[in-house]
There are 2 protein chains.
Amino acid sequence: MSELPDSTRVETLKRPALAAARETIADGIGRDALVTVFGRCTVDYEGRASSRLEAGDRHVMLKPDGAALVHTDEGQQPVNWQPPGCEHDVYQEDDRLVLESVRSTPDERLRVSFGTVLQVSAFSGTDENDLALVGTEEDLREHILAEPDLLEPGFTPLATERETPAGAVDIYGKDSAERTVVVELKRRRVGPDAVSQLRRYVDALERDLHADATVRGILVAPSVTDRADRLLVEHGLEFVSLEPPAE
Amino acid sequence: MSELPDSTRVETLKRPALAAARETIADGIGRDALVTVFGRCTVDYEGRASSRLEAGDRHVMLKPDGAALVHTDEGQQPVNWQPPGCEHDVYQEDDRLVLESVRSTPDERLRVSFGTVLQVSAFSGTDENDLALVGTEEDLREHILAEPDLLEPGFTPLATERETPAGAVDIYGKDSAERTVVVELKRRRVGPDAVSQLRRYVDALERDLHADATVRGILVAPSVTDRADRLLVEHGLEFVSLEPPAE
DNA sequence: TAATTAATCTCGCGT
DNA sequence: ACGCGAGGTTAATTA
């Protein structure tokens, strides 16, 4: 039977006494393990907003980078959380076990108070690999830059992320008639927001390049909603249907 | 010693054989438990985009509502996931244990393949309570509706979520001179996006109420960025500094 | 540190 | 099911 490397360890307690739970959690935090606690708890948050969650059974994860996640049995999103960069703390208070994750800038505090702890685990592992993701807006940009005729015949890209007083334009270029073209890319079907964004850039560039300049604005996305289409027409903007490449 | 209610159970296997792991996971999914698996795995995703993650130690959570989360030891966000509504599946494939979560509309598939399973848990619990959150945009709206003078003396709210061709306006009302006022609320410091949004609504209402109508647009937020401020001035829009109430 | 924008955004509400 | 906008959005990049 193969031995695990020393760096890969799992420590688990079932229905532990509070003192034992506290010690295992503190030890896990101390040696940069990923710590999970399942049990009946209340959750309080105070920071950019504030919240309270009355007692229920939840799964809490404390990560070594300072992130904290409180999950119920529903939803992709945690019901409460704390971003990376927090300081985790665990202590006993009367007959309860309390987890606290605190950060500053902004001042935020998450407090999970367990009346019953059903399981505590501390996982140590290694993970060298990063996610390889395909189908992003950047992939769509590369696609168009490699083959500008996909946008329209004769299009010449001149810059990406070109700065304007209203923000950076995704692709800046010229059409076959030497007119300035501003391209805004979206990886998926878009609504009014994307049209407004493109309009901001076109407005800003027209101001920048003097009032007599003609600036074309082209929205590139798989599709647009009806309302977005109406806004495009209203503002004299154009649409080209393209998707991020599949591979 | 107090007995747990039958509905609150935890089942855990340490370094299980694949067959035992598969059975416990399948049983957990079947009885609507929250299932977690920690071990060395690869992760593949295909759907709105596609991704691959090479081998590493990760924590996988399968929720009874169909959500799936793959967490590394870093970050608040899962490295891969699947939203609620998926069908979870577990099976053995050669010497590997495979978790699959699949959904349609859109067609998406998440596949986690374990070469080593260090721990499997199945948690059953109860959670009756919802989160009580304070400090949202809606709280800010209630605050202003209860005391309209906070916006400016003589302001009279006439409607919330008033529909325009460009979307619904947060607060629609009249000032002391009977001019139409459009109010856009943000719970935190805003950038150019919020200004564009307000501008969309003002444009749409001016069209709606005939060309001769004067429509004031007021952005309400704790503060604005420099660029947003410049955009506000450019478009003749106004700003009032207000925060959501603290309690 | 702040600002800006993408995201497999998610989530809730409405049509 | 789709559209639309909020979110304690988070995360990445850049100034």
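Below, each value reflects all heavy atoms present in this structure, side chains not excepted, and no hydrogens, waters or symmetry copies. This structure is a prediction, so every number in the text was calculated from the model and none was measured.
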| query | Going by an N to O cut-off under 4.0 Å, is there a salt bridge joining B:E161 and B:R141? | reply | yes
| Does B:Y201 put a side-chain nitrogen or oxygen below 4.0 Å from OP1 or OP2 of D:dC4? | no
| message | Without decimals, in angstroms, what is the distance between A:D193 CG and D:dG5 P? | response | 6 Å
| Side-chain ion pair, B:D193 and B:K186, N-O less than 4.0 Å | no
| task | Ignoring hydrogens and angles, state whether a donor on the side chain of B:Y45 or B:Q82 is under 3.5 Å from an acceptor on the partner side chain. | result | no
| Pairwise distance CZ(A:F114) to CZ(A:R96) - rounded to 0.5 angstrom | 9.5 Å
| query | Do the side chain of B:D170 and the main chain of B:L185 share a donor and acceptor less than 3.5 angstrom apart? | reply | yes
| request: For D:dC4, take OP1 and OP2 only and decide whether either is under 4.0 Å from a side-chain N or O of A:T225. | output: yes
| field | Touch class at under 4.0 angstrom, heavy-atom based, for A:A166 against every strand present | value | sugar-phosphate
| said: Give me the distance, rounded to whole Å, that separates D:dA11 from C:dC11 when you measure between the P atoms they each carry. | reply: 15 Å
| Within the distance-only criterion (no hydrogens, no angle test), does the side chain of B:D57 pair as donor or acceptor with the backbone N or O of A:D127 below 3.5 angstrom? | no
| said: Is the phosphate of D:dT10 approached by A:W81 (side-chain N or O, under 4.0 Å from OP1 or OP2)? | reply: yes
| field | Rounded distance (Å) that lies between atom C1' of C:dT4 and atom CD of A:E161 | value | 10 Å
| said: Nearest heavy atom decides the nucleotide; on that basis, is B:G167 or A:Q82 closer to the 5' end of DNA chain D? | reply: B:G167
| For atom CD of B:E137 and atom C1' of D:dA6, their distance in whole Å | 6 Å
| query | Which value, in whole Å, describes the distance between the P atoms of nucleotides C:dA7 and D:dG7? | reply | 22 Å
| field | Under 3.5 Å donor-acceptor, B:H88 side chain and B:A67 backbone | value | yes
| field | Proximal nucleotide (of D:dG8, C:dC9, D:dC2) relative to the B:L133 side chain | value | D:dG8
| Can you tell me how far CZ of A:R52 sits from CG of B:N129, rounded to the nearest 0.5 angstrom? | 9.5 Å
| If you measure only the distance, is there a donor-acceptor pair under 3.5 Å linking the side chains of B:T136 and B:D139? | yes
| request: Measure the distance from CD on B:Q77 to P on C:dA7 and round it to the nearest whole Å. | output: 14 Å
| query | Can you tell which of D:dA11, D:dC2, D:dT9 lies closest to the side chain of A:P84? | reply | D:dA11
| Quick check: does any side chain N or O of B:D229 sit under 3.5 Å from a backbone N or O of B:V224, one acting as donor and the other as acceptor? | no
| task | May I have the distance from A:Q76 (atom CD) to D:dT9 (atom P), rounded to whole angstrom? | result | 18 Å
| task | Quickly work out the A:E138 CD to C:dC9 C1' distance and round it to whole Å. | result | 17 Å
| With sugar-phosphate meaning primed atoms plus P, OP1 and OP2, does A:G47 contact a base, only sugar-phosphate, or nothing at under 4.0 Å between heavy atoms? | nothing
| message | From the set D:dC4, D:dA6, D:dG8, return the single nucleotide nearest to any side-chain atom of A:Y45. | response | D:dG8
Extract from the structure each pairing of a protein N or O with an N or O of nucleotides 13-15 of chain C at less than 3.5 Å, listing the distance.
none

| field | A:R141 vs C:dA6: side-chain N/O to OP1/OP2 distance below 4.0 Å | value | no
| request: Using a heavy-atom cut-off of under 4.0 Å over every strand shown, decide if A:P106 touches base, sugar-phosphate, or nothing. | output: nothing
| query | Where each residue is assigned the nucleotide of DNA chain C containing its nearest heavy atom, which of A:G75 and A:T136 is assigned the position nearer the 5′ end? | reply | A:T136
| field | Length of the CZ-P vector between B:R162 and D:dG5, whole Å | value | 15 Å
| field | N/O (side chain, A:R187) to phosphate O (OP1/OP2, C:dA6) under 4.0 Å | value | no
| request: Have a look at B:N80 and say if it touches a base, only the backbone sugar-phosphate, or nothing, with a 4.0 Å heavy-atom cut-off. | output: base
| remark: Which of B:K63, B:R103, B:E100 passes side chain to side chain contact (heavy atoms under 4.5 Å, CB included) with B:C86? Answer is B:R103
| Rounded to whole angstrom units, what separation is found between the CZ atom of B:R188 and the C1' atom of D:dT9? | 7 Å
| query | With a non-hydrogen cut-off below 4.0 angstrom, is B:R189 in contact with a base, only sugar-phosphate, or nothing? | reply | sugar-phosphate
| said: For a quick check of understanding: with a heavy-atom distance under 4.0 Å over all strands, which category does B:R200 fall into, base, sugar-phosphate or nothing? | reply: sugar-phosphate
| Choosing from D:dG8, D:dA6, C:dT10, which nucleotide comes nearest the side chain of B:R48? | C:dT10
| request: Give a yes/no on whether any side-chain N or O of B:Q197 is located under 4.0 angstrom from OP1 or OP2 of D:dA6. | output: yes
| In Å, rounded to the nearest 0.5 Å, how long is the span from CD of A:E243 to OG of A:S223? | 8.0 Å
| said: For a quick check of understanding: with a heavy-atom distance under 4.0 Å over all strands, which category does B:P78 fall into, base, sugar-phosphate or nothing? | reply: nothing
| task | Using the criterion of both pairing distances under 3.5 Å for Watson-Crick and G-U wobble pairs, give all stems of 3 or more consecutive pairs involving DNA chain C. | result | C:1-7 with D:9-15, C:9-15 with D:1-7
| task | Identify, between A:P192 and A:P83, the residue whose nearest nucleotide on DNA chain D lies closer to the 5' end. | result | A:P192
| task | Can you check whether any acceptor in the base of D:dG8 is under 3.5 Å from a donor in the side chain of A:E108, or vice versa? | result | yes
